[in-house]
Enquirer: 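Got a structure for you, questions after.
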Amino acid sequence: MGELASWVSDSLISLSVESRPVVVQYVINLSRNSASLTDLLNSLVLELGLSSSSSETNDFARQLFLQVGGNSAAASGGPHLYQTREREAEFLAKKQRTYTLLEADESGSGGKRFWKRIKSKASEIENLRRLSRQAYFKRREAKKLQELKDEIEDDECLLSMGVKLSEAEKLDLKYKKELYELIMKNRTRETDETGEFYRMPEAYDLEGRVDQDKRFAAPSNRYCDANASDKMNPFAVNEAWEKHQSEKATLKFGSKDRKQSSDEYQFVFEEDPIKFIKATEVEQGLLSSISEVNTTSERLADDRKSLPIYQYKEKLLEVVKDNQVLIIVGETGSGKTTQIPQYLLEARYTRRGKIACTQPRRVAAMSIAARVARQMGVKLGHEVGYSIRFEDRTSDRTVLKYMTDGMLLRELQSEPDLASYSVVMVDEAHERSVSTDILFGLVKDIAMARPDLKLLISSATSDTEKFSEYFDSANIFTIPGRRYHVDIHYTETQVADYLAAAVDTALQIHVKLQPGDGDILVFLPGQDDIENAEEMLRLKTRGLGTKIPELIICPIYANLPTELQAKIFIPTPQGARKVVLATNIAETSLTINGIKYIIDPGYCKTKTYQPRTGMETLKVTPVSKASATQRAGRSGRTGPGECYRLYTRDIYNSMDENVEPEIKRTNLANVVLTLKSLGIEDIKNFDFMDPPPGETLTKALELLIALGALDEPGKLTKVGRRMAEFPLDPMLSKMIVASDEYKCSSELISIAAILSLGNSVFYRPKDKRKDAATARERFYMGNVGDHIALLNVYNSWKETDFSTQWCYENYIQVRSMKQARKVREQLEGLLKMAEIEVTSNANDLDIRMAIVSGCFRHTARLQKGGSYQTVESCRTVYIHPSSVLAQAPPRWVVYHELVETSREYMRQVTELKPEWLEKVAPHYYKLEDTEDCSSKKMPRAVGRACLN
DNA sequence: GAGCACTGC
């Protein structure tokens with residue numbers, strides 16, 4: 001019995017916090033009227049299994065049942081205890097018998113014995129309760145302690161930046177620090193297993209007098225134990241991994257900076273003034289040696305003055321005053337992003353509203369806001385803040401707001417005239433993300449209606465005339481950059497194999513030139529090439545042995561686990577050289593220190609979209625001139641650089657000036673819905689800087705009409721308005737809206753969240769493919785499609801309380817899951833906005849119906865030979881081999897997306913009954929369309945599909 | 001029997 005009790009208490013601790021009290025409560029309740037522990041537990045199992053919908057408590061009940069053992073029901077119980085009515089009846093009968101017994105017992109001579117038993121049980125239960133509480137307090141303590149630590153680090157970080165804290169705040173910090181130290185001292189003692197005893201404080205009243213110092217030190221010395229040794233942490237690897245995941249090596253502020261400060265590397269973003277100070281090290285070195293007593297804020301002020309833009313400050317303010325719209329051209333490093341908003345702030349442009357500065361990337365928005373807050377000596381989130389998806393660090397007093405361009409676009413939905421802003425600065429405009437392009441059209445329009453709004457478009461040097469022309473010949477203000485010279489080398493003849501050529505060039509540089517003078521950065525199109533190049537480099541350097549200096553090979557691409565990404569920021573040791581093999585990620589998103597040599601084969605992967613088929617492709621294409629220049633510029637930040645282009649000068653001359661802006665080569669369904677929700681009726685005549693292909697727009701409009709988001713004349717419907725609340729592809733939004741009807745919104749937001757990630761949640765290491773496949777099959781139990789399988793993955797993960805360990809065991813990518821969880825949380829919050837009730841319904845059919853309501857245009861029918869034909873465009877496609885359905889192809893399927901790789905594949909597929917189509921989209925399908933008939937029919941009407 | 005440039009809401 002004791003064994004059983006300890007098993008129960010162990011299991012209790014392993015349950016989630018929500019389930020624990022449920023279980024404990026049942027144990028207590030049942031102990032009052034049950035006869036023996038076995039019966040008690042049987043009843044408990046019954047109660048839990050029947051009355052709790054949580055599968056966790058169910059699972060507990062099942063395990064408990066097996067532990068109790070010796071019961072015929074347990075032996076034949078199978079995975080689900082109460083699957084059948086018969087079984088349920090059997091248990092009810094058993095329960096009844098227990099009560100009968102109990103009564104008999106009480107009335108008869110056995111009464112005393114019974115109460116004794118009950119008492120002992122009660123104490124066992126009390127024991128369980130105590131253990132559970134202990135576990136809870138332990139966790140709570142750890143959490144509170146971490147919070148305290150964070151607060152201290154936050155304050156200290158601010159203090160070190162020269163932020164002035166008030167007396168009360170200083171006192172508070174002092175108190176917090178003391179408290180923390182005290183706790184830590186005590187904890188060191190507690191973790192020492194040998195010292196589970198109270199130690200008498202040292203005497204302080206010996207020798208006939210009281211030693212006051214000793215006396216007051218007593219409470220804090222009490223638990224001090226210097227011998228506490230570092231024990232092995234079995235989870236160390238996981239923890240490190242988690243840490244990396246959650247922080248993703250971004251430059252953060254305050255407590256979030258924890259990792260950063262201890263690391264030897266750091267990200268450097270565009271226009272990092274610190275880097276430029278390094279660039280003029282000689283002069284700065286002299287300065288700082290003279291005035292070493294400078295406070296941080298004084299130094300920051302000096303830094304600000306040393307930026308190229310500083311000398312243009314007055315002139316710039318004058319021009320801004322006279323021009324409503326201004327194009328600002330400045331090379332990276334001129335300080336425009338950090339300084340201009342501050343100048344405008346000083347010039348009191350914020351009297352009537354905030355200053356917004358948009359960035360294409362989240363990390364940029366965060367790090368720049370942090371830097372500006374530091375320069376201004378204010379706490380981040382007060383006067384200076386940032387706003388990105390999942391994180392809004394602004395407050396009522398925020399006047400300078402850095403944000404992602406997509407975020408400003410979202411804000412426009414609730415504030416179409418940007419009334420709370422007096423200045424909008426669109427930064428990095430040359431990158432031409434879809435969001436910036438849309439913003440252009442919108443802010444241009446708003447500026448016309450609001451003469452008091454200042455508009456700044458900031459871009460690196462390229463296409464300035466185009467920008468100016470678009471904004472009705474706006475003036476251009478140029479700020480010279482400051483960077484070192486970069487020598488460009490071209491090949492004499494065209495190289496046959498860019499990969500081999502890149503590897504050889506890297507080795508040549510490494511062998512011929514002294515290490516220590518700079519590292520090498522090679523741009524390659526994708527993960528594949530990077531992996532191959534890495535292998536080639538390893539093979540070739542191994543042959544040379546110690547004859548050449550050490551070469552450290554660092555691959556980097558977005559899909560690389562974060563802890564491996566960090567490797568590229570570790571400074572190169574003396575006598576060695578680093579070669580970084582990177583995708584386009586190193587072109588804009590991150591900067592690596594110490595790069596002197598660039599090798600540019602001239603290729604990158606580009607996504608294109610074919611509106612006719614709705615197919616997306618990712619293909620290796622030559623880069624543009626602008627991109628080549630950008631790549632070359634990745635050296636020469638801290639000293640003169642060299643760039644080796646693996647193509648001839650003639651080829652360079654024949655390259656396109658710029659990459660085609662993204663808006664011209666992407667699916668615009670979401671963009672069109674956003675614009676419609678902003679009240680823009682005539683999308684085709686919207687003032688795009690580069691109009692997207694008409695066919696793409698037509699396709700998007702068609703889709704939105706089919707989904708019911710727009711009516712036939714193209715006006716936004718109620719469904720459309722609800723869909724526009726979600727930051728998702730319209731088909732996914734529609735699934736969620738439809739889920740309201742099928743009462744399964746909770747399930748659908750999970751599915752939509754995972755699908756919106758775009759990348760797979762299943763992880764398949766090369767050496768453990770088989771294990772990964774078997775792990776994955778579990779989620780496909782019952783021959784469900786990909787959509788439901790993804791839902792199963794999410795729900796199972798949730799049941800483990802979002803365990804990382806579980807992910808490893810099941811070959812699931814933790815990073816993707818965590819992202820999905822965040823997205824799901826956001827979607828859950830948005831359900832209310834879209835007037836959708838949060839409802840949960842495990843019925844497969846309902847969930848599938850909701851899915852089909854969203855992707856009914858993406859259907860395909862099985863043909864001979866295992867291929868499919870799409871209903872929409874009659875193309876021959878295949879189920880992607882990553883889907884389990886590829887092994888047993890159903891007659892009809894719906895798919896999430898179409899991709900062209902080695903073949904044309906449908907990704908994320910679910911089986912479909914053709915009659916559902918007629919039910920879900922009667923305006924689009926007619927019953928006879930889905931009936932089998934061999935003769936080919938023409939589409940019935942516009943927007944109606946041919947199903948044969 | 002495949003694959004994953006990079007962002008963003």
Side-chain angles (χ1 to χ4, degrees), chain A residues 358-365 387-392 403-413 428 431-439 523-531 556-561 582-590 603-608 616-621 623 627 630 659 661-663 665-666 670-671 673-674 677 724-730 732-733 752-753 756-766 769 773 813 815-816 819 822-823 826-827 829-830 866 878-887 889 899-907:
Chain A
T358 71
Q359 294 294 320
R361 276 170 296 277
R362 306 163 43 141
V363 270
S387 175
I388 57 176
R389 188 181 188 182
F390 308 128
E391 202 179 346
D392 184 3
M403 62 212 297
T404 45
D405 40 23
M407 204 65 202
L408 187 62
L409 213 51
R410 275 271 134 189
E411 280 193 10
L412 271 161
Q413 290 196 346
E428 309 284 351
E431 283 196 27
R432 304 291 307 276
S433 71
V434 175
S435 307
T436 17
D437 270 21
I438 303 297
L439 271 182
F523 282 101
L524 292 169
Q527 184 179 342
D528 242 24
D529 281 334
I530 290 176
E531 279 167 4
I556 179 135
Y557 43 87
N559 270 353
L560 191 74
T583 59
N584 255 0
I585 194 170
E587 199 176 296
T588 50
S589 303
L590 54 91
Y603 293 100
C604 68
K605 279 194 185 178
T606 335
K607 196 175 81 178
T608 49
E616 282 186 342
T617 45
L618 199 59
K619 283 201 174 124
V620 177
T621 48
V623 297
S627 185
Q630 174 77 8
V659 197
E662 199 189 351
I663 198 158
R665 49 186 173 83
T666 189
N670 199 13
V671 169
L673 183 61
T674 309
S677 76
E725 291 293 336
F726 300 98
L728 295 171
D729 181 284
L732 296 179
S733 311
S756 77
L757 297 180
N759 50 6
S760 174
V761 296
F762 297 107
Y763 173 59
R764 298 180 345 110
K766 274 192 183 124
R769 277 194 199 169
Q813 305 223 21
R815 179 156 53 160
S816 304
Q819 181 71 8
K822 270 189 174 175
V823 176
Q826 190 192 24
L827 296 180
L830 290 170
Y878 298 84
I879 295 182
H880 197 279
S882 67
S883 170
V884 169
L885 287 189
Q887 285 146 30
V899 286
E900 188 189 339
T901 49
S902 56
R903 264 175 168 182
E904 297 182 5
Y905 284 116
M906 300 179 281
R907 248 195 247 161

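Below, chains carry the letters A, B, ... as their sequence lines are ordered, and counting in each starts from 1. Not measured: the values here are computed from a predicted model.
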Enquirer: Mind checking the CG-OG spacing from A:Asn584 to A:Ser627? Nearest 0.5 Å is all I need.
Expert: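 Taking CG in A:Asn584 and OG in A:Ser627, the distance rounds to 5.5 Å.
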
Enquirer: Looking for any heavy atom pair under 4.0 Å, which part of the strands does A:Tyr905 touch: base, sugar-phosphate only, or nothing?
Expert: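 Here A:Tyr905 touches the backbone only, sparing every base.
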
Enquirer: Classify A:Thr404 by what it touches in the nucleic acid, base, sugar-phosphate, or nothing, heavy-atom distance under 4.0 Å.
Expert: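 Sugar-phosphate contact only.
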
Enquirer: How is A:Ile585 classified with respect to the nucleic acid when contacts are heavy atoms under 4.0 Å: base, sugar-phosphate, or nothing?
Expert: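 Sugar-phosphate, backbone atoms only, no base.
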
Enquirer: Tell me whether the side-chain N/O atoms of A:Arg432 come closer than 4.0 Å to OP1 or OP2 in B:dT7.
Expert: no

Enquirer: Whole Å only: how far is the CZ atom of A:Arg361 from the P atom of B:dA5?
Expert: 18 Å

Enquirer: So which nucleotide from B:dC6, B:dC4, B:dC9 ends up closest to the side chain of A:Pro727?
Expert: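 Output: B:dC9.
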
Enquirer: Whole angstroms only, please: what is the NZ-P distance between A:Lys605 and B:dT7?
Expert: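 Rounding to the nearest Å, NZ of A:Lys605 and P of B:dT7 are 15 Å apart.
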
Enquirer: In whole Å, I'd like the distance from the CG atom of A:Asp437 to the C1' atom of B:dG8.
Expert: 13 Å

Enquirer: A:Gln819 CD to B:dG8 C1': how many Å, rounded?
Expert: 11 Å

Enquirer: Tell me which of A:Arg389 and A:Asn559 sits closer to the 5' end of DNA chain B, going by the nucleotide each one is nearest to.
Expert: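 Whichever sits nearer the 5' end wins; that is A:Asn559.
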
Enquirer: Rounding to a whole Å, what distance do you find between A:Lys607:NZ and B:dG8:C1'?
Expert: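 Computing the A:Lys607:NZ to B:dG8:C1' distance gives 11 Å.
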
Enquirer: Measure from CD1 on A:Ile438 to C1' on B:dC9 and round the result to the nearest Å.
Expert: 13 Å

Enquirer: Between A:Arg907 and B:dC4, is there a side-chain N or O to OP1/OP2 distance below 4.0 Å?
Expert: yes

Enquirer: Go through the structure and list residues passing salt bridge (Lys or Arg N to Asp or Glu O under 4.0 Å) with A:Arg432, not counting sequence neighbours.
Expert: A:Asp437, A:Asp690

Enquirer: Distance check: side-chain N/O of A:Thr583 vs OP1/OP2 of B:dC6, anything under 4.0 Å?
Expert: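 For B:dC6, OP1/OP2 do have a side-chain N/O of A:Thr583 under 4.0 Å.
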
Enquirer: Are A:Leu439 and A:Thr358 close enough that some pair of their side-chain heavy atoms sits under 4.5 Å apart?
Expert: yes

Enquirer: If you measure from CG on A:Asp405 to OG1 on A:Thr436, what distance do you get to the nearest 0.5 Å?
Expert: 5.0 Å

Enquirer: Checking all strands, does A:Ser902 fall into the base, sugar-phosphate, or nothing category for heavy-atom contacts under 4.0 angstrom?
Expert: sugar-phosphate

Enquirer: Could you tell me the separation between the CG atom of A:Asn584 and the C1' atom of B:dT7, rounded to a whole number of Å?
Expert: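 Going from CG in A:Asn584 over to C1' in B:dT7 covers 11 Å.
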
Enquirer: Identify whether any heavy atom of A:Ile388 sits under 4.0 Å from a base atom; if not, whether one sits that close to sugar-phosphate; answer base, sugar-phosphate or nothing.
Expert: sugar-phosphate

Enquirer: Applying ring pair (Phe, Tyr, Trp, His ring centres under 6.0 Å), can you list everything that pairs with A:Tyr905, at least two apart in sequence or on another chain?
Expert: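 For A:Tyr905 the ring pair (Phe, Tyr, Trp, His ring centres under 6.0 Å) partners, ignoring immediate neighbours, are A:His880.
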
Enquirer: Nearest whole angstrom, please: distance from the P of B:dG8 to the CG of A:Asn670.
Expert: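 In whole Å, B:dG8 P and A:Asn670 CG are 16 Å from each other.
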
Enquirer: Heavy atoms under 4.0 Å, any strand shown: does A:Arg362 hit a base, just sugar-phosphate, or nothing?
Expert: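 Sugar-phosphate only.
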
